[in-house]
Each structure stands twice: as structure tokens, then as C-alpha cells.
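Remarks on the structure that follows.
Both ligands and their constituent atoms are indexed starting at 1 by order of listing. All residue numbers refer to positions in the sequence shown, counting from 1.
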Amino acid sequence: MKTLKAAAAALSLLACTTTSFAQAWPTKTLTWVVPFAAGGPTDAMARDIADKVAKQIGQQIIIENAGGAGGTIGAGKAAKANADGYTFLVGHLGYMAAAPSLYKKLTYDPVKDFEPVFRFPDTPLVLLVPKASPHKSAADLIAYAKKNPGKVNFGNAGAGSTSHLIAALFESKAGIDVVSVPYKGAAPAMNDLIAGQVDAMFDQTNTALPQVAGGRLVALALTSKATMAQFPGVAPLADKALPGFEAATWYGLYAPKGTPKDVITKMHQAYLKALGDKAWTQKMADQGIRLLPEAQYAPDAFAKHTAAEIEVWRRVATDAKITID
Ligand code: ASP
């Protein structure tokens, strides 16, 4: 009897701890790992979303920039973080979908080591060249690269980053041979592009726009199928240069495997509430960011998307012969 009573007491204590954890979360500052340098498109989007989610959950969210190897270093670090609901990873199609097909040794498994929390809106990319570039269109750049194999340098955010993968896809579809110049994020790559140290780069619309609008860079083409009001006179690659070409970056928040379900639900709910602010979503749309139907932001839909994209990139990497040395 005594033992039974003790067991019951222990059980109710356990139940109490679990509920009070669930009710109390979050009691301290959260960290979102961004595996690229500050000032790039992932960082900018993560900071904006973190700021809005933080207001909903009533706790600060700190962004930790952990760049290198196309995001795989930061992702590996986040995979090993405590699954206590206080550390998250901002993931994208590179290190959470393409990496298993590109890297021989990966310190994490995008599916087995993480719980999807919510998907961000998508972002198309822009083909950029420096102001003084001799290439005035995507067709010009392709024609020049065809005549001069290995002469055109493309800056990117690291091996397997979106900027690298989309450039590799472009290279394969155009039948050209360009040189990849990796950085620890799109921000340092962009600085060198502005300075004319590299010849071209694909960057996401949200960070490309201010540079193009400010006249520091020229946009040659878009990876979206349709034109964008934010980039007047800039044609989609699919229009003339590369029929059928279409690409966009997807992002989302992941938690280390084992993070309490309740935390994931609360984070997702907080994000949906934040998205109810139409002035904010309009601001994102003005940067060329593509909002999604609400159901696609959900953890289960994001899990399915991640798994499907791993397969998509397995095919793309093989077909386009994308490799990482
Ligand atoms: N997301 C970018 C890329 O993969 C990198 C960055 O945000 O700095 O190209």
C-alpha cells in the first residue's frame, strides 16, 4: 500500500512538472541559429520573423549567426543543442534538403535530428552583376560564358547554399562553365560583388532589392516565372534566356528532435498570430517575398515539404551534376 501511494505521488508529481513546464514555457530568452553571416537574406528574414514571434510569446529571441560550409556547420550545431524548447534552427533548401545528396559526410540528418516547427514565406532570386559589368542581359552573360569557359566568377553563400545551388542549376541549364566563389554568407559575397571582385551572383529579392534600387548593383534576370513590380524592366530567366527555368528559396524553423510537442504548437500558433498583421505581410510582399496559403506553414505540412524536397534535390543534383569538392 505504502509503495502504491508513493508511486501515485511520484506520478502526480511527474504530471505536474510536465504541465507546469508546458504552461510556463517560455521562461527565458530563446535562440534561433542562423547558419550564415549577419546582413544576408536568411539573417534579415529570420530577424524580422523572430521579432514578431517574440512579441507574441513574450520572450526575447536572439539570433546566433553560425556561418560556414553552406549552412551545414550551424545546422550540425543546432542538431546537437538541448531539445528543451529554447534553441531552434532557421533552415533552408540547401542544408535541410540538398545537403544529404551533396555532402559525403554530414554531421546531422535533416529529418531524423529535427522537428519542423513552421515554414517561412518563399523568396525568389535575382541574377545580379556589378554596376560597371559589361553584361547587360542574362543572354549576354550566357553568350560570354559560352565563349570563355571558366572565366566568369559567381559569388555565393557557401557550398550548397541557395545562391550556389541556383547558380549551378543556371550553369547546367545554360550549358556554361563558371567558377564558384564561396563565402560565409550572401552578405560578404554581395560586398565583393559591389566592389567588382566577382562577376555575378544570385541573391534573394529581400536583400537584392535595396542594392538594385540604390544603384549599387544591376539586376539582369529573375528566377520567378512572372515579372515583379519591384524590379521594373527585369525579365524572368524563363522569358527568353532559359525557357522553363524557375527557382525560389524556401525557409523555415526547426527544433532539435525531442523538443516538447507543446512548444512546437505554441511557436506555430504565435507565428500565425503574427502573420495576422497585414501591414507586416504587405511589407514582406513589397520585398518580393511570396506569402503562402496558411496550411503550408504548419509543422506537419512543413515536415512533408522537407521530405519531398530531399528527393527533389537528389534528382536535381544528379541531373545537373552538382557536386561539392
Ligand atoms: N540564404 C543565402 C543562400 O543560401 C545565404 C544567406 O542568407 O546569407 O544563398
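- Within 6.0 Å of atom NZ in Lys80, more than 12 heavy atoms from other residues, nucleotides or ligands are found, so the atom counts as buried in its surroundings.
- Taking Phe231 as the reference, nothing meets the ring-ring contact (aromatic ring centres under 6.0 Å, His included) condition, with sequence neighbours excluded.
- Tyr144 is linked by a ring-ring contact (aromatic ring centres under 6.0 Å, His included) to His135, counting only residues two or more places apart in sequence or in another chain.
- In this structure, Lys257 places its NZ atom where more than 12 heavy-atom neighbours from other residues, nucleotides or ligands lie under 6.0 Å away.
- Evaluation of the salt bridge (charged side-chain N to carboxylate O under 4.0 Å, His left out) rule for Asp192 yields no partner, not counting sequence neighbours.
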Any protein N/O atoms within less than 3.5 Å of an N/O atom in ligand 1? List the atom names and distances, or say none.
{"unit_1": "ligand 1", "atom_1": "1 (N)", "unit_2": "Thr42", "atom_2": "OG1", "d": "2.7"}
{"unit_1": "ligand 1", "atom_1": "1 (N)", "unit_2": "His92", "atom_2": "NE2", "d": "3.4"}
{"unit_1": "ligand 1", "atom_1": "1 (N)", "unit_2": "Gln204", "atom_2": "NE2", "d": "3.4"}
{"unit_1": "ligand 1", "atom_1": "4 (O)", "unit_2": "His92", "atom_2": "NE2", "d": "2.7"}
{"unit_1": "ligand 1", "atom_1": "4 (O)", "unit_2": "Thr162", "atom_2": "N", "d": "2.7"}
{"unit_1": "ligand 1", "atom_1": "4 (O)", "unit_2": "Thr162", "atom_2": "OG1", "d": "3.3"}
{"unit_1": "ligand 1", "atom_1": "7 (O)", "unit_2": "Thr42", "atom_2": "N", "d": "2.9"}
{"unit_1": "ligand 1", "atom_1": "7 (O)", "unit_2": "Thr42", "atom_2": "OG1", "d": "2.5"}
{"unit_1": "ligand 1", "atom_1": "8 (O)", "unit_2": "Ala186", "atom_2": "N", "d": "2.7"}
{"unit_1": "ligand 1", "atom_1": "9 (O)", "unit_2": "Ser163", "atom_2": "N", "d": "2.9"}
{"unit_1": "ligand 1", "atom_1": "9 (O)", "unit_2": "Ser163", "atom_2": "OG", "d": "2.5"}

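- Aromatic pair Phe302/Tyr254: centroids less than 6.0 angstrom apart.
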